[in-house]
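So that the names make sense, note that chain A is the first sequence line, chain B the second, and so on, each numbered from 1. Please read these numbers as outputs of a predicted model, since none were measured by experiment.
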Amino acid sequence: MSGEHADTGLGYTASELLGVMAARRLYDGASVFAGVGLPLLAAVMARKSHAPRLMIVVEGGVFDPEMLTGRLPISTNEMRIAHRATMLTSITDTFLYAQRGFLDVGFIGGAQVDRFGNVNSSVIGPYDRPKVRLPGSGGANDIISLCRDVMIVTMHEARRFVPRVDFVTSPGFVQGGESRKEAGLHFGKVSQVITNLGLLGFDEQERTMRLEAVHPGVTPQQVQDATGFELEIPSDVPTTAPPTAGELTLLRSLDPDRRYLG
Amino acid sequence: MSGEHADTGLGYTASELLGVMAARRLYDGASVFAGVGLPLLAAVMARKSHAPRLMIVVEGGVFDPEMLTGRLPISTNEMRIAHRATMLTSITDTFLYAQRGFLDVGFIGGAQVDRFGNVNSSVIGPYDRPKVRLPGSGGANDIISLCRDVMIVTMHEARRFVPRVDFVTSPGFVQGGESRKEAGLHFGKVSQVITNLGLLGFDEQERTMRLEAVHPGVTPQQVQDATGFELEIPSDVPTTAPPTAGELTLLRSLDPDRRYLG
Amino acid sequence: MKPGDFIVARQRLEAKRRHAGEKLTSAQDAGRLVKDGDHVAVGGCLFSRTPMLLVRELLRQQRRGLTLSRNLMCFEGELLMVAGAVDQIVTSWQGIGLPWGLSRVLREHVESGRVRMEEWSHLGLGLRYRAGAMGVPFLPTLTMLGSDLMDVGGSRPIACPFTGETVNAVPALFPDVAILHVHRADRHGNCQIDGYTHMDADIARAASTVLVTAEEIVDEEEFRHHPDRTAIPGFVVDAVVHAPLGAMPGECYGLYETDFEHFDRYVAAINDKGMDGVREYLDRWVYGPATHQEWLNLFDPATVERQRRFGRELTNPEVAGV
Amino acid sequence: MKPGDFIVARQRLEAKRRHAGEKLTSAQDAGRLVKDGDHVAVGGCLFSRTPMLLVRELLRQQRRGLTLSRNLMCFEGELLMVAGAVDQIVTSWQGIGLPWGLSRVLREHVESGRVRMEEWSHLGLGLRYRAGAMGVPFLPTLTMLGSDLMDVGGSRPIACPFTGETVNAVPALFPDVAILHVHRADRHGNCQIDGYTHMDADIARAASTVLVTAEEIVDEEEFRHHPDRTAIPGFVVDAVVHAPLGAMPGECYGLYETDFEHFDRYVAAINDKGMDGVREYLDRWVYGPATHQEWLNLFDPATVERQRRFGRELTNPEVAGV
């Protein structure tokens with residue numbers, strides 16, 4: 001995510017902004033499927049503030065872990081992310097809790113996002129002889145398919161926000177309309193795209209991406225300029241409340257080495 | 001099993017004869033799915049004699065248990081049968097080892113057996129308003145469907161050996177011929193019926209029951225008289241070797257209270 | 001709910017007030033989460049880890065029209081049948097155990113048509129719970145094919161889309177309520193089970209509502225110290241009730257053995273007086289004691305101590321076996 | 001073997017010489033059970049419990065034409081690709097970890113068409129192993145529907161026979177060989193795993209041949225003392241090899257943490273020299289040491305001690321977290 005560590009000129013970096021916005025989406029008593037990086041930091045932050053009974057679940061088979069300051073994990077399958085968990089189990093069983101419906105919120109990233117919220121983390125170019133072979137789905141496809149509400153967290157750049165992803169690794173609203181449901185995905189949806197420029201959602205009928213809020217100091221036109229397809233932009237776009245001093249202090253205290261925050 | 005505790009007049013009871021004959025079918029290194037009662041006793045006996053690396057598996061989730069003398073179990077789901085096991089797990093997972101193909105031998109009983117080796121332990125009379133509601137399959141259907149070789153162990157009486165069972169709880173050769181395979185059961189078969197009168201097998205083509213051996217002191221005609229359908233009886237029926245003194249001593253030592261042996 | 005209806009099952013989970021906090025409650029309040037007509041899945045197996053406090057609570061609260069499921073059903077099924085609480089049982093086997101012969105209670109209720117018995121193979125029922133736990137409408141299996149059990153509960157032979165071979169699709173079972181007895185729980189609903197786990201972890205994930213009794217209520221730290229021992233995570237559980245010795249007269253692995261003499265007396269009363277034998281048992285052991293402690297007081301302390309000793313002996317690997 | 005061919009898979013198990021006795025052997029002999037062209041499933045996950053001794057053995061014995069599967073594939077996949085051992089990888093993700101960026105090894109081999117990558121979702125691959133472990137040709141799931149992953153590996157959308165809803169059937173994966181690293185094993189092949197179990201228990205049951213390395217070889221009594229800790233029963237396993245610290249430079253839960261600096265150096269060499277960086281690593285860390293002990297001797301003892309301390313700290317619940 002190039003540019004994520006750049007200061008926004010407002011006293012916080014883009015990655016700090018993403019972390020705070022993600023944390024705000026989490027609510028007390030919810031279960032959240034969190035990958036490493038900013039989503040994990042956001043979840044820990046939420047638990048330390050407004051959502052003390054937030055249940056963090058990690059695909060490596062880890063339920064309700066705590067973190068050791070200065071030992072932020074690199075993967076979803078290691079002792080750093082398992083510290084003081086209340087349950088450790090197998091990976092497949094962990095995803096099956098999501099398939100049954102126990103996981104309320106999921107976060108994913110991705111190299112490309114399209115106007116229907118589909119995400120590509122597999123290939124740029126054709127699948128069999130790709131121009132760029134990306135790492136692959138990991139759990140992203142499962143999270144977007146099985147969790148109740150899914151947030152895509154990403155930097156906002158025109159090369160990422162493409163009209164149609166080269167490969168649908170993780171299906172958002174597929175071809176729009178009812179096509180996600182018609183494919184067999186009755187549950188879960190991409191509820192929000194959280195970027196360094198604003199918050200985006202999806203039209204209720206067409207399921208095309210629309211701007212729902214801009215972050216402080218950002219104009220709707222700036223968001224459109226950083227998007228490779230035409231966004232639905234309402235006439236009156238609200239501005240998000242800026243990260244508070246308390247939020248930033250807490251977030252920074254969780255990553256003193258700025259491993260995730262840059 | 002009425003009559004199973006009666007002395008055969010040959011120095012052993014019918015139940016002792018069944019136990020010895022069942023134990024002889026077990027071989028070293030095999031895994032055996034054993035229920036409580038005589039099959040369990042036979043398995044422990046085999047392990048104490050010719051099959052020291054016999055792996056006993058019990059449907060209650062128990063692998064490789066030992067037994068405490070005088071504490072023979074009543075069920076497949078209790079501490080007596082779990083004593084000194086090397087593995088305890090869930091019931092469903094235990095049967096899945098059989099479905100995958102890890103279980104070599106299985107034993108079952110049943111209220112009725114027919115000429116295709118189908119077993120009924122569900123109902124006498126119609127299913128919805130039975131004349132006698134029997135306890136049900138338990139694991140018998142799973143054992144006969146999933147283990148490699150299955151032995152039916154039962155007392156030999158005309159009311160048990162019926163032309164067609166009222167209800168196929170556990171499928172032997174179904175309607176004979178290829179019908180077991182056509183139903184989807186590619187593996188496992190009823191290899192033998194072990195009774196107090198002899199050993200029975202099945203014709204390779206028709207899959208109908210035939211006499212393969214009689215026990216000492218029993219004639220083929222006696223077996224036919226105790227069978228409610230016409231048995232295939234070869235011209236020359238061998239006689240089984242009688243239980244040896246060593247076999248009987250071992251068997252009796254495992255059940256000093258004669259809980260299973262009567 | 002239609003068999004295998006994973007969509008309704010998930011909608012029910014999502015519609016529940018999310019409840020990640022305190023779960024510790026009374027048996028009475030836990031029992032009130034069961035409604036007339038519910039499908040109640042009973043954890044444990046036969047006389048192992050039967051959640052007797054919650055069974056008694058359903059009886060005391062006079063639930064009616066229940067469907068009861070359990071892999072191997074024991075005397076708790078008989079008590080509920082004789083009390084008139086049950087319309088249907090879903091099981092692979094019903095009785096007390098081989099030494100006590102056929103269940104007269106089962107025979108009387110099923111042969112008369114008062115209770116319907118939906119019979120599955122042991123694995124077949126286990127896979128129905130597992131399909132429910134996985135949130136899928138069915139699981140494929142090779143068991144029950146070629147048997148008359150296929151028609152009893154509604155299995156479907158289907159062609160495998162890869163091999164063309166016939167496999168048996170068993171529909172997911174999503175019980176309205178699961179009642180379980182475990183060794184240890186914390187106030188957030190995390191559960192540990194020692195020894196064999198029966199089908200409890202699957203049943204808990206399959207059910208819409210999960211009620212747990214526990215031998216011991218422990219601090220959350222116990223789970224953070226042994227996270228790989230957690231069998232059921234707290235967010236699956238709706239109510240936790242403290243019930244020491246709660247599986248008696250049956251067993252709880254490592255803690256106490258089944259008191260087989262208790263069942264001897266129970267069956268002898270039935271052989272003597274028929275269903276009135278069960279009714280007298282209900283009066284004495286279910287409707288009589290107003291609290292769990294009063295029920296515990298009905299047991300002979302010397303017998304309880306003996307069964308505890310047997311439990312320790314049987315699970316002590318230092319005691320030589322054959 | 002065709003995807004989902006449970007019949008051939010079971011025939012292979014049945015055809016094996018039954019082998020319930022001694023399994024303890026050398027890495028060389030265990031490695032000889034792998035043939036050119038085999039599908040080898042690698043246990044553990046990413047840099048956790050990777051069976052490095054057996055990976056090195058496959059490299060030293062110069063296997064060719066392998067298909068390699070693993071849920072999250074790490075540098076072991078890169079080593080085998082650069083050595084020319086692999087025609088195809090089956091995984092949901094390949095890399096070392098986020099801090100090290102895209103895998104140059106993966107890009108070079110897949111973009112050039114030298115290695116085919118069959119991508120599944122993480123759960124999708126997990127269910128393929130699980131279907132294999134269960135002995136069924138497929139499992140139904142709701143994942144991957146609506147995505148382009150459906151076409152990559154051959155998922156099949158099917159209509160549920162009960163509800164009519166579309167579900168995704170993923171074909172069982174029956175690896176020819178599974179290679180696993182566990183905490184403890186006995187000489188009959190019983191295995192214990194501490195902490196998270198990844199997919200190892202499923203992989204072991206799904207594979208035709210199972211090779212295990214273990215931190216510790218313990219007496220069978222250890223299993224009889226803690227039977228509910230057994231993750232893999234001995235009759236599933238074909239060979240057990242003693243490999244203390246055998247998952248280094250990765251981690252083994254509770255025992256030692258991943259040495260991230262080792263990966264820093266490995267990736268730095270690739271960034272510096274391309275595939276030659278990997279070849280130098282192979283020379284030094286794989287082809288150089290003739291025995292497991294010689295390989296252990298290559299690690300800095302102070303670093304090993306530090307990683308052990310980190311492992312203890314991270315899994316000690318007395319150490320406060322946030």
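Listed options Leu68(B), Val174(B), Val36(B) were ranked by heavy-atom pairs under 4.5 angstrom with chain C; first place goes to Leu68(B). When Gly95(C), Ala201(C), Cys45(C) are compared by the number of non-hydrogen pairs under 4.5 Å with chain B, Cys45(C) comes out ahead. When Gly44(C), Ser103(C), Ser48(C), Pro317(C) are compared by the number of non-hydrogen pairs under 4.5 Å with chain B, Pro317(C) comes out ahead. The greatest number of non-hydrogen atom pairs below 4.5 Å with chain B, out of Val319(C), Asn316(C), Leu46(C), Leu127(C), is found for Val319(C). For chain B, the option among Met117(C), Arg116(C), Gln94(C) with the highest count of heavy-atom pairs below 4.5 Å is Met117(C). Between chain B and the options Thr166(C), Thr197(C), Asp200(C), Leu314(C), the largest number of non-hydrogen pairs under 4.5 Å is found for Leu314(C). With chain B as the partner, the residue from Gly126(C), Gly250(C), Ser147(C) showing the most heavy-atom pairs under 4.5 Å is Ser147(C). Interface remark: of the candidates Gly61(B), Pro135(B), Pro130(B), Pro135(B) forms the most heavy-atom pairs closer than 4.5 Å to chain C. Highest contact tally toward chain C, considering only Val44(B), Asp128(B), Thr169(B), is held by Thr169(B) [criterion: heavy-atom pairs under 4.5 Å].
Minimum heavy-atom separation, Pro171(B) to Gly146(C): CB-O, 3.6 Å. Taking both residues in full, the closest heavy atoms of Pro99(C) and Ile74(B) are given as CD-CG2, 3.6 Å, listed atom of the first, atom of the second, then distance. Scanning both residues, Tyr196(C) and Ala82(B), for their nearest heavy atoms gives CE2-CB, 3.7 Å. Counting all heavy atoms, side chain and backbone alike, Glu111(C) lies closest to Arg129(B) at O-NE, 3.0 Å. Closest heavy-atom contact between Leu142(C) and Gln99(B): N-OE1, 3.2 Å.
For Glu59(B), the part lying under 4.5 angstrom from a heavy atom of chain C is the side chain only. With a 4.5 Å cut-off on non-hydrogen atoms, Glu108(C) does not touch chain B at all. Within the 4.5 angstrom heavy-atom criterion, only side-chain atoms of Leu102(C), from C-beta onward, approach chain B. Neither the backbone nor the side chain of Tyr129(C) has a heavy atom closer than 4.5 Å to any heavy atom of chain B. With a 4.5 angstrom heavy-atom cutoff, Phe263(C) does not touch chain B via any of its atoms. Residue contact with chain B, scored on non-hydrogen atoms closer than 4.5 Å, involves the backbone and the side chain of Glu257(C) alike. Only the backbone of Thr89(B) comes within contact range of chain C, with heavy atoms under 4.5 Å apart. Interface remark: Cys74(C) contributes no atoms to any contact with chain B (heavy atom separation under 4.5 Å). For Thr91(C), no part sits under 4.5 Å from any heavy atom of chain B, backbone or side chain. Proximity to chain C (any heavy atom under 4.5 Å) is shown, for Val132(B), by both the backbone and the side chain. Only the side chain of Tyr127(B) has a heavy atom closer than 4.5 Å to any heavy atom of chain C. Contacts between Val167(C) and chain B at a heavy-atom distance below 4.5 Å are absent for every atom of the residue. For Leu134(B), the parts lying near chain C are the backbone and the side chain together; criterion is any non-hydrogen pair under 4.5 Å.
The number of heavy-atom neighbours closer than 6.0 Å to CD of Glu318(C), taken from other residues, nucleotides and ligands shown, is above 12. Sparse packing is recorded around CD of Glu178(B), with 12 or fewer heavy atoms of other residues, nucleotides or ligands lying under 6.0 Å away. Other residues, nucleotides and ligands contribute at most 12 non-hydrogen atoms within 6.0 Å of the CZ atom of Arg308(C).
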Evaluate side-chain contact (heavy atoms from CB on, under 4.5 Å) for Leu96(B) paired with Leu123(C), printing each intermediate quantity in order.
CA-CA 8 Å; Leu96(B) 293 177; Leu123(C) 175 58; 4.1 Å; yes
Test side-chain contact (heavy atoms from CB on, under 4.5 Å) on Asp93(B) and Arg130(C) and set out the steps.
CA-CA 10 Å; Asp93(B) 285 311; Arg130(C) 182 155 292 178; 2.9 Å; yes
Can you list the steps and then say if Trp93(C) with Ser137(B) is a side-chain contact (heavy atoms from CB on, under 4.5 Å)?
CA-CA 6 Å; Trp93(C) 193 91; Ser137(B) 164; over 6 Å; no
Can you check side-chain contact (heavy atoms from CB on, under 4.5 Å) on Tyr253(C) and Leu88(B), steps first, answer last?
CA-CA 11 Å; Tyr253(C) 181 88; Leu88(B) 297 176; 3.4 Å; yes
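Side-chain N/O atoms of Ser122(B) and Glu119(C) include a donor and acceptor closer than 3.5 Å. When only modelled atom types and interatomic distance are considered, Thr258(C) and Glu78(B) share no side-chain donor-acceptor pair under 3.5 Å. Under 3.5 Å, the side chains of Ser121(C) and Asp142(B) contain a donor-acceptor pair of N or O atoms. A side-chain donor-acceptor contact under 3.5 Å links Thr143(C) and Asn141(B).
Asn77(B) contributes atom CG, which lies 6.0 Å from atom NE2 of His198(C) (distance to the nearest 0.5 angstrom). Atoms OG1 and NE2, on Thr163(C) and His186(B) in that order, are 7.5 Å from each other to the nearest 0.5 Å. Between the OG1 atom in Thr141(C) and the CG atom in Leu146(B) there is a gap of 6.5 Å [rounded to 0.5 Å]. The structure places OG of Ser90(B) at 7.5 Å from CE of Met199(C), a figure rounded to the nearest 0.5 Å. Rounding to the nearest 0.5 Å places CG of Asp148(C) at 8.5 Å from CG of Asn120(B). Between the OG1 atom of Thr92(B) and the CG atom of Leu125(C) there is a distance of 8.0 Å, given to the nearest 0.5 Å.
When atom types are taken as modelled, the side chain of Glu251(C) and the backbone of Met79(B) share a donor-acceptor pair closer than 3.5 angstrom. Side-chain atoms of Arg133(B) do not come within 3.5 Å of backbone N or O of Val110(C) as any donor-acceptor pair.
Considering only heavy atoms from C-beta on, Glu313(C) comes within 4.5 Å of Arg71(B) through its side chain.
A cation-pi arrangement is not found for Arg80(B) relative to Phe310(C), the charged atom failing to lie both closer than 6.0 Å to the ring centre and inside a 45° cone about the ring normal.
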